[in-house]
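Note that the structure is a prediction, hence the values are computed from the model and not measured. By convention in this document, chain letters (A, B, ...) are assigned in the order of the sequence lines, proteins followed by strands, and residues within each chain are numbered from 1.
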Amino acid sequence: MDASDILHSLNQAQEAAVTTQSHHALVLAGAGTGKTRVLTQRICWLITTGQAQPHQIFAVTFTNKAAAEMRHRIETTLNGRNMKGMWIGTFHGISHWLLRQHWELAELPETFQILDQEEQLRWIKQLLKKLKLDDKIWLPAQLQTFINHQKEQGLRAQALEVSSDDRWLTRKLAIYAEYEADCKSRGMVDFAELLLRAYEILQQTQLQQHYQHRFRYLLVDEFQDTNVIQYELIRLLSGVSSNLPSSLTDPKDPRSPDNYTFAVGDDDQSIYSWRGAKVANLEQYLRDFPNSQSYRLEQNYRSTQPILTVANELIAHNQQRLGKTLWTQSVNGSPVFLYDANDDKDEANFIAEKISAWPGRLQDIAILYRTTAQSRLLEETLRQKKLSYRVYGGARFYERAEIRDILAYLRLIAHSEDDAAFERIINTPRRSIGERTLEKIRSLARHHQVSLWQATQKFLRQEDNQSKTQKSLHNFTQLIKQLEQECSTLHLDQQIQKVLDTTKLKEHYDKEGVEEGQKRWENCAELVNAARDFQPLLIEDLAPQFSSQDSAGKAALLNFLAYTNLESDTSRSDPNADSIQLMTLHSAKGLEFSMVFICGLEQNLFPHANSLQEEKLEEERRLFYVGITRARQILYLCHCGRRRNYGRYEPAYPSRFLQEIPSALLEPIKFTFKTHYLRPYLPKLGQPVKHPQFGKGTVLDHEGTGEYTRLLVQFAEGQKWLMFAYTDLELL
DNA sequence: TTAACGCCTTTTTTT
DNA sequence: AAGGCGTTAA
């Protein structure tokens, strides 16, 4: 493989970008124009031409999935050439790695744990309790967003100016400060903190010089979705001077190495602004990075023209865009289909039917939806029809209750100071240790400034009456100690097996019901499997180790725990299995499939009810755009007349986005029944009716009330039961 | 003091 | 549908 092999498959625009000699380059690349390709070929080109050594390469993507994909592609292209020391990962991954490597400089305990979203929320709730604040007024979820948002902007609680009139903000900042202190004293780090803390330690001249020297070539995918701190992180590593407030930067930057940067992005695919991402970073980049060159890719290689036209028409409704129009050479293609389903169940069945008729591989099919809750019914339906599927995200493996229970045990075994883990399992399975006892322990811990584990020891010593609770607590501490002993000599998977065997968790799950328990138990078994071939994601030549005085078992455990929270993407199920891919539109970004279903295209679901303001609406539209452009050949858009929400059926209306696409571009699926919206009468059962198309029939049933009543009608001719809007029928 | 049951509300998207 | 919360039974 030489340089010309790498270039020959590229078009002119792509080649120009790949071979740019500019120190800083920005590639604006529409969906399917070979964005990832350009990025990987750039890396391969740099290496084969001898301009770069693998260890000088630093490539960031947004998801672990995308990173794995890129690594795989590079490996294939370089074909056996050494990739040692190349960093390909996420911003969170690299930050995490830096903090593990330099935990002392970061003022963290060596065994610091990562707080995921849910744990963070719990933490905040507890904090509010501690501060005696009403969680009806200080909404935990809102505080969580507030705190994360500050961190994403690079703002520490102390660094924020307090305008004394705004008591609301003042208070929120106080809570933020308290939260920070709490995390610090417990050695907990949330997702946003990973980035911020990594950024902060890189301020230290020595580290900065080291990493600036090491990572000579910085490449960033999905640049439109970088937030302030990620942008600054890249800038810091590149050596280009920053314009953040001076508190965060080193004023006497010794020298500017000015590394090479290569950013790839598409403003039309910016879908993470709610997470602090700034599309403006694309243009900011051109201003901040000296003599940067920009490139543009508009030829699409992925989708057929009908699909592309739909995408172009839709996205044209956005005001805020840099503007580009995708085109393709493949003119022919199936039209984009539109299916108007009766209800969510009908939608799922329709999809399953279409999939059954698909001649190709299942893994080339994706079902995309706006909210994770939508996956449940789809899964159920696919299971019924014996179609194998795989769900990304959603109730992700590491987020399932049983997995978190086991992990909590492991965490407590590895590190008894882990209060979050303690809280989770102290009464799981039930040991008759209730809220009252727990509160006593908590206050003891608070009072003595120690962990819950230590407080428990104190508590046991302090009161010597052998009450039932005391005994339970004692047994619990013994259990953990015993496990710690036994695990120190075992392999990781054996350790987990041991925990499963010793803790009576099985009986606990079985109480929920036979099926539930079985499912949970299977998941537990999967975790044991996962542990067996666990390899931490590392830069090979710089693997961080946990201190060598730990036993082998413990070191393995610590490594495993350190990586589980960030690798939720690395799904457990067999990657070789041919199965349909189910995921949210957000997680579909960067992927492509031959056949795509986008479902739930309904007002208040997509666009979501919380995103109806103009600016958010544009982001929803971009999300839809991302969804459409995932499809190579076949695209189905689905919506339904009513949908189950919070367990109740509610009427649903077609998404406004569907109206934005010229109807000539959509081919409605003709089915024997269709739904419409109705007049506010209640029909009588058995009422004879007549339909202009289907003829005479009788009302068998009706659903909904008032305006949304629908009728189930049996027709004399057809054997089908049809659901109708009242307005479509003539009463006889 | 804990466990269980019924009633109530629910930020959608992810690292 | 599921978690949180208050009430009640043990």
Picking from [options], which would you name as closest to the side chain of [X]?
{"X": "A:Arg430", "options": "B:dT13, B:dT14, B:dA4", "value": "B:dA4"}
{"X": "A:His92", "options": "B:dT15, B:dT14, B:dT2", "value": "B:dT15"}
{"X": "A:Ala141", "options": "B:dT1, B:dT11, B:dT14", "value": "B:dT11"}

Does [X] make a side-chain N or O approach to OP1 or OP2 of [N] shorter than 4.0 Å?
{"X": "A:Asn610", "N": "B:dT11", "value": "no"}
{"X": "A:Thr63", "N": "B:dT15", "value": "no"}
{"X": "A:Ser587", "N": "B:dT13", "value": "no"}
{"X": "A:Ser611", "N": "B:dT12", "value": "no"}
{"X": "A:Thr437", "N": "B:dT2", "value": "yes"}

With a non-hydrogen cut-off below 4.0 angstrom, is [X] in contact with a base, only sugar-phosphate, or nothing?
{"X": "A:Tyr272", "answer": "sugar-phosphate"}
{"X": "A:Asn427", "answer": "sugar-phosphate"}
{"X": "A:Phe91", "answer": "nothing"}
{"X": "A:Arg436", "answer": "sugar-phosphate"}

Write down the distance between [atom1] ([X]) and [atom2] ([N]), rounded to a whole number of angstrom.
{"X": "A:His508", "N": "B:dA4", "atom1": "NE2", "atom2": "P", "value": "11 Å"}
{"X": "A:Gln613", "N": "B:dT11", "atom1": "CD", "atom2": "C1'", "value": "12 Å"}
{"X": "A:Lys616", "N": "B:dT11", "atom1": "NZ", "atom2": "P", "value": "13 Å"}
{"X": "A:Met583", "N": "B:dT15", "atom1": "CE", "atom2": "C1'", "value": "17 Å"}
{"X": "A:Tyr369", "N": "B:dT12", "atom1": "OH", "atom2": "P", "value": "16 Å"}
{"X": "A:Leu623", "N": "B:dT13", "atom1": "CG", "atom2": "P", "value": "11 Å"}
{"X": "A:His149", "N": "B:dT15", "atom1": "NE2", "atom2": "P", "value": "19 Å"}
{"X": "A:Gln144", "N": "B:dT12", "atom1": "CD", "atom2": "P", "value": "13 Å"}

Exercise. In terms of ring plane angle, is the pair A:Phe215 and A:Tyr211 parallel, tilted or perpendicular, where the classes change at 30° and 60°?
Worked result: parallel
Hits for ring pair (Phe, Tyr, Trp, His ring centres under 6.0 Å) against A:Phe62, two or more places apart or cross-chain, chain-then-number order -> none
Closest to the 5' end of DNA chain B, once A:Thr145 and A:Ile433 are matched to their nearest nucleotides, is A:Ile433
**Asked** Going by 5.5 Å between centroids and 30° between planes, is there a stack of A:Trp274 over B:dT13?
**Response** yes
Review point. Are A:His608 and B:dT12 stacked, counting the six-membered base ring, centres under 5.5 Å, planes under 30°?
Key: yes
Distance col, row A:Thr629:OG1 vs A:Leu314:CG, nearest 0.5 angstrom, shows 10.0 Å
Protein-nucleotides 1-3 of chain C N/O pairs under 3.5 Å:
from	atom 1	to	atom 2	distance (Å)
C:dA1	N6	A:Tyr646	O	3.0

Under the rule for side chain to side chain contact (heavy atoms under 4.5 Å, CB included), what residues qualify as partners of [X], not counting sequence neighbours?
{"X": "A:Ala609", "answer": "A:Asn604"}
{"X": "A:Arg171", "answer": "A:Leu133, A:Trp138"}
{"X": "A:Asn349", "answer": "A:Lys345, A:Thr381, A:Lys385"}

Worksheet item: Does the side chain of A:Tyr625 pick up a donor-acceptor pair with the side chain of A:Asn318 at under 3.5 Å?
Response: no
Residue pairs passing the salt bridge (Lys or Arg N to Asp or Glu O under 4.0 Å) test with at least one member in residues 618-629 of chain A, sequence neighbours excluded, are A:Arg370-A:Glu620, A:Glu619-A:Arg622, A:Arg621-A:Glu660
